[in-house]
Each structure stands twice: as structure tokens, then as C-alpha cells.
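Report on the following structure.
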Amino acid sequence: MTRLSPLSVPYRAVQRSASIAFALAFLAFTGGTTFGGFLGGLGAVALVGVVVVAIAGYELAYFRRFEYELTPDTLDIRSGVFSRRNREIPYRRIQNVDISRNVAQRLVGIAAVDLETAGGGETEGSLRFVSYEEARRIQSEVARLKRGGTDGDASEPEQELLFELTPRELAIVGALSFDLRLPGLVFVFGSTVFPIVASYVDVPLPAGSAAAAGVGIVALVLLVALVSWAAGFASAVVNYYGFRLSRVGDELQYERGLLQRYNGSIPLDKLQTLTVEDNPLKRRFGYATLLVETAGYAPSSDGTNGSGGGGRGSEAAIPLATRDRVLGLVADLEGVELPTFEGPPTRIRRRYAVRYSLVLGVATLALYGADRLLPQEIPWFVPLALVPVAVVAGALQWRHRGYALTEDHIVTRNGFWKRETRFVPYYRVQTVIERRTIFQRRWRVSTVTADTAGSISLVGGDATAVDIEVTDAAELRETLNDRLREALSARREARQQSRQAALGIRDAEPDRDADASDSVAVTDAEADVSQTPEFVEEAEPAAAGADADAEDAADTGDTDDADTDDNADTDDNADTEDDADEPARADDPFIWGESVESEGEDDEDADDPDESSDERDAI
């Protein structure tokens, strides 16, 4: 068994005790009267010292009780000071191995290692902290053992550099980035500070006039835009500094970050969805971003694209590049090119324009009510000037929506300010859902969603064909169901052939030079073996069967239960009896998706997590 780095003890102790010691010292010295004068200066120092020593003792015990080991099949971790915990993480379930180092960790030469598994809602295994060399060794060893390598393997997969962000491109990333989380904060801050500043500044406009109110609103909007752009620029530079993307064997490996340096791996066989993302500025200058989504949980979730997006399981394969270069990488990874999209019917443009106009109408009524109730004069009529903008926005939203079916993928496109084009292989689809809200029924349209196993799907990030004709939606749902079954059947057949090849089972020709009776006996036996799937499954070793079950679960998206014995038995039966069960499964409307009508609000872009979860379990 291997221990953590000895330097992790002082680092963790300082990290844990700094905030606690500061809080205690502040309380003791500034609020000593709270304790009746019992502590005083020396007592406060003693209390802080006791806390620091206690934390240091705990971290030393944690270090001595934490061990890990890379076995041929699993990564074993034993940890816990008061409550022991032993974990065995199979390599086949590991989705990502991420290494992170902040400035202080880089100075002392340590790193944090996070291992993410399929379907996990949090980090499955975490090593805090090991040396950077040991972290890279763990990352490469896990990748090698996942490929079935042995200790005698001397050759490493060739590393191919796919993309490297230059300083000029990094500056463009920042210039085209906006942090939209700040407008609300800036609005609250500006609405509070502006009256105070105005009381000290001699504004040459009549106080309380509509002109002054208009100038204040414009100034606040400009301030929000400026702060959002500055925050987006800083966030992009800090996150994507030194970005490199490489292909190493069957994995994508990336490294990025200025203050916090990340090194991560993305298994190619675990990709769920590829997303090409852009906005009006990026489209104007011909740039785009490529996001890759896996079924695991992204640990480096700082809320920015390419860092997990709040734990959604996605990473930026390319933070910014020319659109042709991004689409070229999509074609290289998935073998699919950008198709011609089929958009919503023309009448839907009016629906979008009416929707945005109603929003402006509600805003106008709210301002009018405020103008009547408050003593200040409020320009309540300003939102009405944006009605032409609402009509244009409706047309743009209609233009940028669509879907297409290629030979092996469903491709969807949605959004104008943040346009996302998603590429999903048919075999990665978990559930096909058709739904209509009460508003969509009035317009005779539906929304079809291809749900995948990626954790991003839980927050409505699936490939979705929005507002298509009801008849086209039903046909699309049936087509997706058929292609899903065909894709899964083809993958099962390919895996069956690979298993037979691994076991040395093949159809044999009779040996004409051998004895006739022996030849007939051998030929019949080999023919029976090669043509009987049940015999092949029984002949496989238990470990190989378990691996195959896990792969089946991962391919169909049922990653959460891949390791349970009951599901393993079910998968074995499914591999041998799929042909017999196929008609029954095709006739089951619940399994293969029915129209789901929602009586809720018009939120066709969002998916119902409970509904998706139930249908996912059914599959």
C-alpha cells in the first residue's frame, strides 16, 4: 500500500486551521467581554494554539491511516481516522482522472487527484495530496490498466497534440466571453449606490425628470455590460491559460489553468455528447467552442464552460477556435459532419414574437403600476419601444432551431444568444421522449428529447428537437427508437465476435487430411461452439463477463447499476435473449417512449428529471 505525500500533513493542517484560528483570534481579542474577561490576551493565544495543535494531530493521524494501491483490476483506498472506509474502484468504471494544483500546491510540489465514475453525483475517489510525479503516474497507470495492460508492457500510446491555445487566441477567448452571473449583483449594487453618488455629484439634469431616469437606466445597463465583460475576460484567461488538448491512445488529455492548474483525461469510449457552442460575437468572427460530455461528475466545477459547469460532467475540448477547426475535430472524433437542419414550421415565428411581446407587456404593466403608486415619475412606456426587437428576436430564435438525422447520430441546434449544436450517437440514447405543453397543443407542435446518460441531462441539457409538427414528432420518435435498437444490436454483435475471438472460438473447416471420423467430430463440436451464444457466455471467465456487463451498461447509459449482481445477471440474459425479446420490447410504449403532455408552463427546452429517471429505469 502507498501513502500520501508527507508534505500533505502541514499543507492540510494550515489549510484547515487558518480560517478557524483567525475566527477564534478575532472573537477572543475583539469580544473578550463575552467570556466575562476570562480569556484575556494570553488565554486567546492559548485557545488558538490548542486548536492548531488539535488540527495538526488529526491531519497526522489522517496521513497515517490513509493508504491506496493500484491492483490489476481495481484502485483500492483505505481511509478514515474515527470511522474506517475501504473502497475498491474498478478501472472499467472510472471515467476521468483529474489532477489539480493551485499556486501554493505547485510551490511545495503536491497535487490533488480526483477519480470520477459513471453516474456518480460526486467525486468517487480523492487523493489529497500526493507528489505531482505520483499523480501523473496514477493517471497513466489507470489508463494503461483500463486498456488491459500488464506489468510487462513497455510501450506507451503515442501522444498526438490536437489543439494548443496561443496567447492571441487566449486574448480572443477573453474578449468574446461574458460572465452573465454578475448582472443581478451589479443591478442591486448600482441601484443602491447610484442615489448616494448622485447626491454628491452635480448632475446637470432636472432632478426627478424622465430624462434623468432614462440616463440612469442607460448608465446602469452599460455598467452591467462592462462588469460582465471584464469578469468574463478575467475568468477565461485564468481558466484557459496554457490550454493543450492531446490524444493518448483511446483518451483525450487536457491541461489548463493559471492560478489552478488542471490535468484531466476524457475516455473516448465514454463520450455521451459533443456540443458546438457559440454566440453572436463568436459567429460574427467565425469562432466556436467544443464541449465534450461524459457520464461522470466533473470535479473542477467553477461555473465556467469547460470546467464542469457546476458538476455537469462536461469539459471544454476546445475553448475557442475557428468554426471549421472545431467541426473538423467533431468529424475526427465521431465521424459526423454538420448536416442540413430541418427547422420548426414557419408559423412558429409568430409564436416566438408573441411570447416576447407578452413579456414586454407584463414589464410595461409592472412599471405603470409602480408609476401610479410611487411618488417618483417612472418611464413605464419604455418597454413598448422594444416590440420591434421582440419580433426580430422571435425570427432569430426560429431560424436557429432545428434537427437532423445522420447515419449514426441525431444532431440538434437551439439558441441564438447561446447557440448549442449537439451531436449524439444513437447507441448513447437512453430514452426518447415526446412532450407537448398546453401552448404547444394550440400551435399543433411537439418537442422530442433524446435523453442520454450524461449528468448534464438532469438539468435539461439533452439533444432536443423543439416545436416540430405533431406528425413529424411522432415519426421522429419512432425513427429514433428503431435506430437505437439497431445500433445496440450492432454493438452487441460486434462485442460477441470480439469475445469469441478472445476465447479462440471460430468456425472451422473440416480437416480433409485427418481421419474422417475425427474430422466430423471436431467439426461438429466447433460448429456447435461457434453458433451457440449460451455456450460462449458459459465458457467466459467470470471477470470477463463482468467487464462485458459493465460495457453494456455504459453503452446504453445505465451506468449507475452496472456493478450490481442483479443487473449483471440481467445483462447476461439480455445478451443471449435479445433476439427473442425484441418484438416484445418494440411493442412496449412505455419503454420506447410515448407522447408526454405537460399541463405546466411553456418550458419546452427543459426536461423533467423525474420523468427521465423513471423511463431510464424502465429501459
Salt bridge (charged side-chain N to carboxylate O under 4.0 Å, His left out): which pairs involve residues 225-234, sequence neighbours left out? none

Over all atoms of both residues, closest heavy-atom pair of Gly174 and Ala236: CA-CB, 3.9 Å

Main-chain N/O of Pro280 paired with Trp417 side-chain donor or acceptor, under 3.5 Å: no

Would you tell me whether Thr74 and Thr71 have side-chain atoms, one donor and one acceptor, within less than 3.5 Å of each other? yes

Residue pair Arg244 / Arg256, side-chain heavy-atom distance below 4.5 Å: no

Between Arg128 and Asp114, is there a salt bridge with N-O shorter than 4.0 Å? yes

Less than 3.5 Å apart, any donor N or O on the side chain of Tyr287 or Asn279 sitting next to an acceptor on the other? no

Any side-chain heavy atom of Thr421 sitting closer than 4.5 Å to one from Thr412? no

Determine yes or no for a side-chain-to-main-chain donor-acceptor pair under 3.5 angstrom, with Ser498 supplying the side chain and Arg495 the backbone. yes

Nearest-0.5 Å distance, CZ of residue Arg247 to CG of residue Leu162: 5.5 Å

Just how far is it from atom CG of Asp98 to atom OH of Tyr262, taken to the nearest 0.5 Å? 9.5 Å

Considering only NZ, NE, NH1 and NH2 on the basic side and carboxylate oxygens on the acidic side, decide whether Glu134 and Arg136 come within less than 4.0 Å. no

Please list, one pair per line, the donor and acceptor atoms closer than 3.5 Å that link side chains of residues 316-330 to other protein atoms, with sequence neighbours excluded.
residue	atom	partner	partner atom	Å
Thr322	OG1	Arg325	N	3.4
Arg323	NH1	Asp278	OD2	3.1

Worked check of side-chain contact (heavy atoms from CB on, under 4.5 Å) between Val142 and Arg137: CA-CA 8 Å; Val142 169; Arg137 185 190 74 85; over 6 Å; no

Look only at the side chain of Ser5 and the backbone of Ser131, and say whether a donor-acceptor pair between them is shorter than 3.5 Å. no

Under 3.5 Å, is there a donor-acceptor pair linking the side chains of Thr452 and Gln430? no

Surrounding CZ of Arg168 (heavy atoms of other residues, nucleotides or ligands, distance under 6.0 Å), is the total greater than 12? no

CZ (Arg144) and CD (Gln139) are apart, to the nearest 0.5 Å, by 14.0 Å

Are Arg419 and Glu277 ion-paired here, with the side-chain N under 4.0 Å from a carboxylate O? no

Closest heavy-atom contact between Arg428 and Leu271? NE-O, 3.0 Å

CA sep, side-chain torsions, deciding dist, call: Thr275, Arg422, side chain to side chain donor-acceptor pair (under 3.5 Å): CA-CA 4 Å; Thr275 302; Arg422 303 183 185 276; 3.2 Å; yes

Sub-3.5 Å donor-acceptor pair from the side chain of Asp462 to the main-chain atoms of Thr464, do we have one? no

Which distance, rounded to the nearest 0.5 Å, do you find between the CG of Asp76 and the CZ of Arg87? 10.5 Å

Apply the test side-chain contact (heavy atoms from CB on, under 4.5 Å) to residues Phe233 and Val173: give CA-CA distance (whole Å), side-chain angles for both, the deciding distance (0.1 Å), then the verdict. CA-CA 7 Å; Phe233 183 91; Val173 171; over 6 Å; no

Tell me, do Leu252 and Leu333 make a side-chain contact under 4.5 Å, heavy atoms counted? yes

Validation: residues 54-66 side-chain donor-acceptor distances under 3.5 Å, sequence neighbours left out:
residue	atom	partner	partner atom	Å
Glu59	OE1	Arg12	NE	2.6
Glu59	OE1	Arg12	NH2	3.4
Glu59	OE2	Arg16	NE	2.6

Any side-chain heavy-atom pair of Leu259 and Tyr241 under 4.5 Å: no

Of all heavy-atom pairs between Arg261 and Gly257, which one has the smallest distance, and what is that distance? NH1-O, 2.9 Å

Would you sort out whether Ile138 and Leu127 count as a side-chain contact (heavy atoms from CB on, under 4.5 Å), showing the intermediate values? CA-CA 10 Å; Ile138 293 172; Leu127 306 179; 3.5 Å; yes

Working to the nearest 0.5 angstrom, can you tell me the gap between Ile110 CD1 and Ser8 OG? 6.5 Å

Quick check: do Tyr91 and Leu75 have side-chain heavy atoms less than 4.5 Å from each other? yes

If you take all heavy atoms of Pro267 and Lys146, which pair is closest and at what distance? CG-NZ, 3.5 Å

Less than 3.5 Å apart, any donor N or O on the side chain of Gln105 or Tyr11 sitting next to an acceptor on the other? yes

Between CD on residue Gln159 and OG on residue Ser246, distance to nearest 0.5 Å: 4.0 Å

Are the side chains of Leu115 and Asn96 in touch, meaning some heavy atoms are under 4.5 Å apart? no

For a 4.5 angstrom cut-off between non-hydrogen side-chain atoms, does Arg491 reach Tyr427? yes

Please examine the side chains of Leu268 and Glu251, heavy atoms only from C-beta on, and report whether any two atoms are closer than 4.5 Å. no

Is there a side-chain contact (heavy atoms from CB on, under 4.5 Å) between Val336 and Leu274 once you walk through the steps? CA-CA 11 Å; Val336 58; Leu274 294 181; over 6 Å; no

Look at the aromatic rings of Tyr254 and Phe243 and report parallel, tilted or perpendicular, splitting at 30° and 60°. parallel

